[in-house]
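Worksheet: one structure, shown below.
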Amino acid sequence: MPVVTRYAPSPTGALHIGGARTALFCWAYARHHDGQFLLRFEDTDRERSTLESETVVLEALRWLGIDWDAVPGFEDVPRQSERGPRYEEVLAKLLESGAAYRCVCDDARLEHLRERARQGGQAAVYDGACRERGIAADCAEPFCVRLRIDAHAPTRWDDAIAGASGQDASDLGDYVVARTDGTPIYHLACSVDDHDMGVTHVIRGREHMSSTSRQLPLYSAMGWQPPAFAHVPLLVEASGKKLSKRQDAVSVQSYRERGFSPQAVLNFIARLGWGHGDLELFDREQLAEVFEMSGVGHSASQVHEDKLLWISQHWIKTLPMDELVEQLQPFLDAEAGRPVEDSAELRKLLDLLRERSKTWVEMAAQAGFWLRDEIELDPKAARKQLKAGIAGPLGELRAALADLTEWTEETLDPTFHAVAEKHDLKLGKLAQPVRVAIVGVPQSPGIFETLAVLGKQRSLQRIGAALEYIAARDSEGGD
RNA sequence: GGUCCCAUCGUCUAGUGGCCUAGGAUACCAGGUUCUCACCCUGGAGACACGGGUUCGACUCCCGUUGGGAUCACCA
């Protein structure tokens, strides 16, 4: 039987990396087995579900490169809100067979029940008061529908990650499957959907563990073969707390905005709670190739971004230039304050910067000296490197550079060395002031490469400006 | 409170009843390389939560303790 997995988010906000990771595992498992990966929106919570959120979730998945298959019979990603009739149908069958029954217990009684159970140190489960009352559909009182969970109901399963799982049926109680208004509760909708969509492997977060105990009897009541279950351990914050608080900071969108490539984010989240020997760096396809459920760990993982930064740098270093430019473009535009045109020169610069950037944001910032015509000197660096003593050699260097007819690393190099030697300076003593002059800060790619890519005119102009800076400072008495 | 789950370097993880005084990665520190930064290279420090068992032998199995977490809705 071909593998079918699904990711079924509630469209109530951004897709955070915990959800993205679950989706990724579902995707990888399906792809590994040449199966199908489906999507569905669990939007039965009408209050919180929004269309906008659906778009955000889909966009995040797309960005990560997690592609999904179409669900037969649906043009779009299925929504639970559109499947009401089907749930009613199942509900009717459940009622008819006696697997479910109508319950007229009101909130007050239920609350009382819970309180008493808690006081007595017992599990707060429904006492089954309406179980044998045979309440009919034409009952005058408002009623909900509960699933009958007998002592022998199947509530245990062999989890693909957690192993033997489940709890006693007696700890569950007859839970509600349909509200007073007739709408289905999650467990019903979810089970029916998974069954109808032909899902063979439900891979979901650990927080759904007890849902499974409840859903299994439902499958049994309908005479359906339940899917295999795999519950993925949670992701927690660096503080060890649940991942929901700073949700915006850990949303896929946030990582995107902070300048991480989808490759890096995917690589990073896959390694959170999953491992394959010593494999650290891999792309989507490689992941699908080696992904096994047995590689998923049993304990929660903390989201520390140290490793993400390293992974991100790796991808920036190795991405094909075309893709690099494509991903970097928005950050470049933002840095420049205008649309930046692609060019051979730009690409030369980016090749120099890609070795020393951990994010697109960082890379764009480092490109700032090239993107702008005017630069600002970092005060501290200027004070340190642009001192009176260097004015002479720097002036001479500028003159020598001005005489160059060819402006390449090969012509720049000997020019520098000649001036440095003449003044008995180490290359660094000359290179650093020049670096600060043309870049503004004391770090950049190699000085010759940087000059070459900046161009003769702008380089000479900036060195000239630096000389003026020194002169101005000198006349003020310097420090 | 009931039920259930988890526990290896700061972090992500590998691992097996003896080959592990525990491997990789990252982060950190120190060197090297270099015109700076980064990359890269070399080295360093750093963990089996605790206590009982079982066993010839446990990080690995069992029990308890502690710590963390999930869930117990007419939310999903």
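Reminder, nothing fancy here: chain letters follow the sequence lines and each chain counts from 1. Just so it is clear, the structure is predicted and the values come from calculations on it, not from any experiment.
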Any N/O donor-acceptor pair, Thr180(A) side-chain to C74(B) base, under 3.5 Å:
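Answer yes: a donor N or O sits under 3.5 Å from an acceptor.
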
Hey, is the side chain of Glu207(A) pairing donor to acceptor with the base of G69(B) inside 3.5 Å?
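Not at all, since no donor on one side and acceptor on the other fall under 3.5 Å apart.
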
The side chain of [X] lies closest to which of these nucleotides: [options]?
| X | options | result |
| --- | --- | --- |
| His298(A) | U11(B), A76(B), C6(B) | C6(B) |
| Asp278(A) | U3(B), G23(B), C5(B) | G23(B) |
| Gln80(A) | C5(B), C72(B), A76(B) | A76(B) |
| Arg214(A) | A27(B), A25(B), C72(B) | C72(B) |
| Leu234(A) | U11(B), C72(B), G69(B) | G69(B) |
| Arg114(A) | A7(B), C74(B), C75(B) | C74(B) |
| Asp306(A) | G24(B), C6(B), U26(B) | U26(B) |
| Ser211(A) | A76(B), U13(B), G23(B) | A76(B) |
| Asp45(A) | A76(B), G69(B), U26(B) | A76(B) |

Whole-Å distance between [N] [atom2] and [X] [atom1]?
| X | N | atom1 | atom2 | answer |
| --- | --- | --- | --- | --- |
| Tyr126(A) | G2(B) | OH | P | 24 Å |
| Asp168(A) | C72(B) | CG | P | 18 Å |
| His276(A) | G15(B) | NE2 | C1' | 15 Å |
| Leu309(A) | C12(B) | CG | P | 17 Å |
| Leu279(A) | U26(B) | CG | C1' | 15 Å |
| Arg146(A) | C74(B) | CZ | C1' | 8 Å |
| Ile311(A) | A25(B) | CD1 | P | 14 Å |
| Ile185(A) | C75(B) | CD1 | P | 5 Å |

When you check every protein heavy atom under 4.0 Å of nucleotides 29-40 of chain B, what one-letter string (B, S, -) results, 5' to 3'?
------BBBBSS

Nearest heavy-atom pair of Ala178(A) and Ile185(A): which atoms, and what distance?
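Ala178(A) and Ile185(A) have their closest heavy atoms at N-CG1, 4.2 Å.
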
Quick one: closest heavy-atom pair of His231(A) and Trp157(A), and the distance?
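Taking every non-hydrogen atom into account, CE1-CZ2, 3.6 Å.
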
Contact list for residues 265-280 of chain A, test salt bridge (charged side-chain N to carboxylate O under 4.0 Å, His left out), sequence neighbours left out:
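Matches after skipping sequence neighbours: Arg271(A)-Glu280(A), Glu280(A)-Lys307(A).
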
Looking at [X] and [Y], would you say the former's side chain and the latter's main chain have a donor-acceptor pair under 3.5 Å?
| X | Y | result |
| --- | --- | --- |
| His16(A) | Val250(A) | no |
| Thr183(A) | Arg179(A) | no |
| Asp168(A) | Ser170(A) | no |

Taking 5.5 Å and 30° as the limits, would you call His231(A) and the base of A70(B) a stacked pair?
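A stacking contact does not exist, since His231(A) is not both close and nearly parallel to the base ring of A70(B).
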
Residues forming a side chain to side chain contact (heavy atoms under 4.5 Å, CB included) with Leu51(A), sequence neighbours excluded
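Residues passing side chain to side chain contact (heavy atoms under 4.5 Å, CB included) with Leu51(A): Glu54(A), Arg79(A).
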
Considering residues, nucleotides and ligands other than Arg116(A), do more than 12 of their heavy atoms fall under 6.0 Å from its CZ?
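No, because the 6.0 Å sphere around CZ of Arg116(A) holds 12 heavy atoms or fewer from other groups.
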
Given the [atom1] atoms of [N] and [M], what is the spacing between them in whole Å?
| N | M | atom1 | value |
| --- | --- | --- | --- |
| G69(B) | U60(B) | C1' | 23 Å |
| C35(B) | G24(B) | P | 33 Å |
| U13(B) | A73(B) | P | 31 Å |
| A25(B) | G43(B) | P | 11 Å |
| A47(B) | G23(B) | P | 11 Å |
| C9(B) | A27(B) | C1' | 11 Å |
| C72(B) | G64(B) | P | 25 Å |
| A49(B) | A58(B) | P | 15 Å |

Cationic tip of Arg258(A) above Phe260(A) ring, under 6.0 Å, 45° of axis
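No.
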
Ring-face cation contact, Tyr101(A) with Arg133(A), 6.0 Å cut, 45° max
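No, a cation-pi geometry is absent between Arg133(A) and Tyr101(A).
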
Who are the salt bridge (charged side-chain N to carboxylate O under 4.0 Å, His left out) partners of Asp181(A), not counting sequence neighbours?
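Scan of Asp181(A) (salt bridge (charged side-chain N to carboxylate O under 4.0 Å, His left out), adjacent residues dropped) gives none.
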
Can you sort out which residues in residues 153-164 of chain A have a heavy atom within less than 4.0 Å of RNA chain B? Ascending by number, please.
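Of all residues in residues 153-164 of chain A, none places a heavy atom under 4.0 Å from RNA chain B.
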
Do [Y] and [X] have ring centroids that are under 6.0 Å from one another?
| X | Y | answer |
| --- | --- | --- |
| Phe282(A) | Trp274(A) | yes |
| His187(A) | Tyr175(A) | yes |
| His201(A) | Phe25(A) | no |

Just to confirm, is there a sub-4.0 Å distance from OP1 or OP2 of A76(B) to any side-chain nitrogen or oxygen of Thr44(A)?
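Yes, such a contact exists.
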
Using heavy-atom distances to pick each residue's nearest nucleotide on RNA chain B, tell me which of Arg179(A) and His304(A) is more 5'.
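Going by which nucleotide is closer to the 5' end, it is His304(A).
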
Starting from the 5' end of RNA chain B, give me the residue, Ser165(A) or Pro142(A), whose nearest nucleotide shows up first.
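Comparing both residues, the 5'-ward one is Ser165(A).
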
Looking for any heavy atom pair under 4.0 Å, which part of the strands does Gln167(A) touch: base, sugar-phosphate only, or nothing?
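Counting heavy atoms under 4.0 Å across all strands, the contact made by Gln167(A) is with sugar-phosphate only.
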
Sugar-phosphate only, base, or nothing, as touched by Arg116(A) at under 4.0 Å among non-hydrogen atoms:
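Here Arg116(A) touches no strand at all.
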
For RNA chain B, report each stem as range with range, ordered by first number, or say none. Use Watson-Crick or G-U wobble pairs under 3.5 Å, at least 3 in a row.
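For RNA chain B the paired stretches long enough to count as stems (3 pairs minimum) are B:1-7 with B:66-72, B:10-13 with B:23-26, B:28-32 with B:40-44, B:49-53 with B:61-65.
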
Could you tell me whether the side chains of Gln263(A) and Gln327(A) share a donor-acceptor contact shorter than 3.5 Å?
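Their side chains do contain a donor-acceptor pair, which is all the 3.5 Å distance test asks for.
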
